[in-house]
Amino acid sequence: MLLRMFMESENPLTVIVVAWGGPGTGKTTVAKKLVENAKYAWKNLEQVYLAPEAAGCRGLFNALQHARSLRGYSGSEILSLLPRSGFRLLIVIDNAETFLHAERRIPAVLRIGEAFPGERFFVLMFFRSENIPIDVTMVPPPVYLVYFRPYTFEEIHSILKESLKHCEDCSIDEKALETISRIAGFSGNARLALAILKASLNSSTDKHVDETHILKVLKELMDNSLTCMHENPHDAHEKMILKIVSSYSQNIRLKHLFKEYRRMAEGNGVKPLGYTQLWKRIRTLEEKMLLDFKVINFKGGRTGIVRRKDLDWAMRL
């Protein structure tokens with residue numbers, strides 16, 4: 001509806017949409033469907049879909065350079081090379097908290113209309129966050145806020161049933177289906193439910209899933225929840241951090257994590273990061289809602305503690 005309003009406007013207009021919600025609430029699915037549908041609906045709409053792995057986390061115009069094969073051009077030059085007749089630009093930024101990890105970049109994107117007056121921009125930013133991720137007072141109107149609430153138990157149950165329709169010769173016991181729905185329903189995470197279902201189907205020799213398969217997958221999740229429940233990060237350092245933290249059932253001190261990380265990096269032929277750079281990577285993983293990082297008082301001093309974010313659902317089993 002908002003995009004249609006934007007396309008029908010005859011005056012230069014910049015529309016900002018800030019969307020947020022926890023993992024597995026449908027943000028990426030909506031982002032990709034919107035881009036795909038808009039491509040066929042409007043011929044005079046230029047599109048740029050930005051994800052952290054595609055953009056390299058280097059900023060909006062670096063990503064525009066990459067998308068348009070215009071290395072070395074400035075933001076103004078890139079825009080000047082785009083079609084001018086009825087030109088409109090749709091920018092969709094998925095996982096914006098990672099892509100725009102430097103705080104100074106967020107205001108720059110939100111105020112893109114002020115930087116390029118007379119142009120037409122529709123900016124849709126998706127944040128993986130349980131709370132509103134930015135101060136909306138710094139965003140010039142019109143700005144729209146969209147919250148992706150967690151899925152209910154019944155909705156996750158329906159999503160699983162629907163996904164099985166696209167799997168030839170696949171089936172699942174109703175009791176096993178309810179078990180998956182109940183586990184994922186704690187956080188309303190449909191992606192977790194689909195991951196458990198997929199892993200259960202892979203462990204079955206005849207593509208039929210019962211509670212035996214579910215229990216096997218749940219044990220693997222309990223032992224290594226981070227790597228089982230989330231897509232593998234593209235950053236080698238983040239992979240090593242997650243692998244180390246996943247091996248601890250409770251938490252790990254930052255200094256101890258740093259020592260194990262250096263050993264693993266050197267063993268894999270990767271130049272290790274310094275202590276401060278490692279801490280920044282941990283903060284990035286915290287923004288992705290994969291880790292929890294806290295500073296506590298310990299033996300008369302202060303120390304950093306890192307733990308697995310995904311232990312919350314496991315503790316309820």
Side-chain angles (χ1 to χ4, degrees), residues 1-7 13-38 47-52 55 57 60 90-103 105-113 121-160 162-163 181-195 229-231 283-292 309-310 312-313 316:
M1 179 189 70
L2 293 173
L3 188 56
R4 186 179 300 111
M5 176 194 72
F6 168 78
M7 294 302 298
L13 177 66
T14 296
V15 176
I16 304 292
V17 181
V18 177
W20 74 97
T25 52
K27 301 181 299 298
T28 297
T29 300
V30 168
K32 291 181 177 179
K33 284 186 177 293
L34 177 65
V35 170
E36 183 67 22
N37 293 338
Q47 299 184 61
V48 176
Y49 177 80
L50 306 180
C57 301
L60 174 60
L90 168 64
I91 302 174
V92 178
I93 307 177
D94 198 11
N95 287 342
E97 72 285 345
T98 303
F99 178 73
L100 303 167
H101 58 85
E103 292 183 1
R105 292 177 180 166
I106 294 178
V109 175
L110 296 176
R111 294 186 172 275
I112 189 171
F121 299 101
F122 190 101
V123 181
L124 177 55
M125 303 171 68
F126 289 91
F127 291 86
R128 186 185 294 181
S129 172
E130 298 290 355
N131 302 304
I132 187 166
I134 63 172
D135 180 5
V136 295
T137 60
M138 69 179 182
V139 186
V143 57
Y144 300 89
L145 306 177
V146 179
Y147 172 61
F148 282 69
R149 62 168 177 77
Y151 285 106
T152 65
F153 169 90
E154 292 78 10
E155 288 170 336
I156 290 177
H157 191 278
S158 297
I159 289 171
L160 291 172
E162 185 65 27
S163 69
S181 302
R182 185 172 67 253
I183 292 168
F186 284 132
S187 58
N189 188 334
R191 188 175 64 210
L192 169 60
L194 291 169
M229 290 168 53
H230 298 278
E231 64 277 6
R283 283 299 196 187
T284 298
L285 291 168
E286 186 181 33
E287 290 174 347
K288 293 180 180 179
M289 302 180 73
L290 298 180
L291 297 179
D292 274 333
K309 183 74 171 180
D310 297 308
D312 294 341
W313 68 268
R316 303 186 191 186

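What you see below is based on every heavy atom in this structure, not just the backbone, and it leaves out hydrogens, waters and symmetry mates.
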If you measure from [atom1] on [X] to [atom2] on [Y], what distance do you get to the nearest 0.5 Å?
| X | Y | atom1 | atom2 | result |
| --- | --- | --- | --- | --- |
| E36 | Q47 | CD | CD | 8.5 Å |
| M5 | Y144 | CE | OH | 3.5 Å |
| S187 | Y151 | OG | OH | 12.0 Å |
| D94 | L124 | CG | CG | 9.0 Å |
| F122 | M7 | CZ | CE | 10.5 Å |
| L34 | F126 | CG | CZ | 7.0 Å |

Closest heavy-atom contact between [X] and [Y]?
| X | Y | answer |
| --- | --- | --- |
| K27 | R128 | CE-CA, 4.0 Å |
| A38 | L90 | CB-CD2, 4.3 Å |
| S163 | L160 | OG-O, 2.7 Å |
| I156 | S181 | CG2-CA, 4.0 Å |
| N189 | L192 | OD1-N, 2.9 Å |
| F6 | F121 | CE1-O, 3.3 Å |

Student check: side-chain heavy atoms of L13 and P142 closer than 4.5 Å: yes
Output field: ring centroids W20/Y147 closer than 6.0 Å: yes
